[in-house]
Amino acid sequence: MGYMIRSVLLLGVLTGLFLFVGNLIGGKMGMTIALILAGIMNFIAYWFSDRIVLAMYGAREITEEEAPWLHRMVEELAQRANMPKPKIYLVPMEQPNAFATGRGPSRSAVAVTAGILQLLDRDELRGVLAHELAHIKNRDVLVATMAATIAGAISYLVNMLQWALIFGHSRDEEEGNNNPLSLIGSIALIIITPIIAMIIQMAISRSREYLADETGAKISGDPLALARALEKIHNYVYQIPAEVNQGTAHLFIENPLKGGGLWELFSTHPSTEKRIERLKELARKMGKLY
């Protein structure tokens, strides 16, 4: 529940930033135009998210005849999560990873890479699949789309200011009405605002990962299996490079594009060490630590 509240609060902060910057730059009309443009683009991405992402990574559906044990595993987890069984896809990628996509529980899919099927044992894979089902159950694609829409609208507003500054500044120079303070403030707004929006958007993504870990561990009933899986995946993911589109990196259970230290602010995922620590703490609370 704590991670859910954090996500709502961060979305509220992002919305507040949009309203503040929008009113400052474009007024009500500018805010409306920016929000509509960003909304249209992200609505299309949201509505067709499953097809787009699966096609992007050359995923193919795994039939029940091909892997009955995998289908039984997903079906059992879906029943425990009280949701429809999603479709299962295989991504021809050596890097061990997995992701979930789709608009919601009624239209969803989980995808596993060839590498993760080779790396993990059945209990660990079950933990990973429970994590992905948690993303679907928690409607994280919708939350990510909402955050992307607001951040995108902020980006449009900043672009409006940038172009207005270029042409407006030229006219001011011709008329001799140049205001250095206004110019400095506008430049600062152009540079700082998108960075703040990105930090908030990434914080929302990290919060949803923590929530999916927690929800997934409760679905599977085995937090330590997911912890072991995360440790294994983390150790291999940087050794086996993969071509991952930066715009979809947040979908994967482990993000190969993240950095450490200060750059964690711009990462879509929390550090694996922190995730494992929290899963072990959850295991203690559930009486599963042994």
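What you see is a predicted model; the values in this text were computed from it and never measured.
Contacts classified as salt bridge (charged side-chain N to carboxylate O under 4.0 Å, His left out) and involving residues 140-159 (residues at least two apart or in different chains) are given here: D140-R208. Evaluation of the ring-ring contact (aromatic ring centres under 6.0 Å, His included) test over residues 114-140, restricted to residues two or more places apart or in two chains, returns H131-H135. Contacts classified as ring-ring contact (aromatic ring centres under 6.0 Å, His included) and involving residues 212-231 (residues at least two apart or in different chains) are not found. Sorted by first then second residue, the salt bridge (charged side-chain N to carboxylate O under 4.0 Å, His left out) pairs that include residues 105-117, not counting sequence neighbours, are D50-R107.
Nearest heavy atom pair, residue G127 against residue L226, reads O-CD1, 3.7 Å.
A side-chain donor-acceptor contact under 3.5 Å links T215 to the backbone of L211. In this structure, R80 contributes its side chain and I219 its backbone to a donor-acceptor pair below 3.5 Å.
A perpendicular orientation is assigned to the rings of F99 and F252, their planes being inclined by more than 60° (bins at 30° and 60°).
With rounding to the nearest 0.5 Å, the separation of CG in L90 from CG in L117 is 6.0 Å. Atom OG1 of T248 sits about 9.0 Å away from atom CG of N255, to the nearest 0.5 Å.
When the ring pair (Phe, Tyr, Trp, His ring centres under 6.0 Å) test is applied to H250, no partner is found at least two apart in sequence or on another chain.
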Less than 3.5 Å apart, which donor and acceptor atoms pair up between the side chains of residues 65-76 and the rest of the protein, not counting sequence neighbours?
| residue | atom | partner | partner atom | Å |
| --- | --- | --- | --- | --- |
| E66 | OE1 | R60 | NH1 | 3.1 |
| E66 | OE2 | R60 | NH1 | 3.3 |
| E66 | OE2 | R60 | NH2 | 2.7 |
| H71 | ND1 | K85 | NZ | 2.8 |
| H71 | NE2 | I62 | O | 2.8 |
| H71 | NE2 | T63 | O | 3.3 |
| H71 | NE2 | E64 | N | 3.4 |
| E76 | OE1 | R126 | NE | 3.2 |
| E76 | OE1 | R126 | NH2 | 3.4 |
| E76 | OE2 | R126 | NH2 | 3.0 |

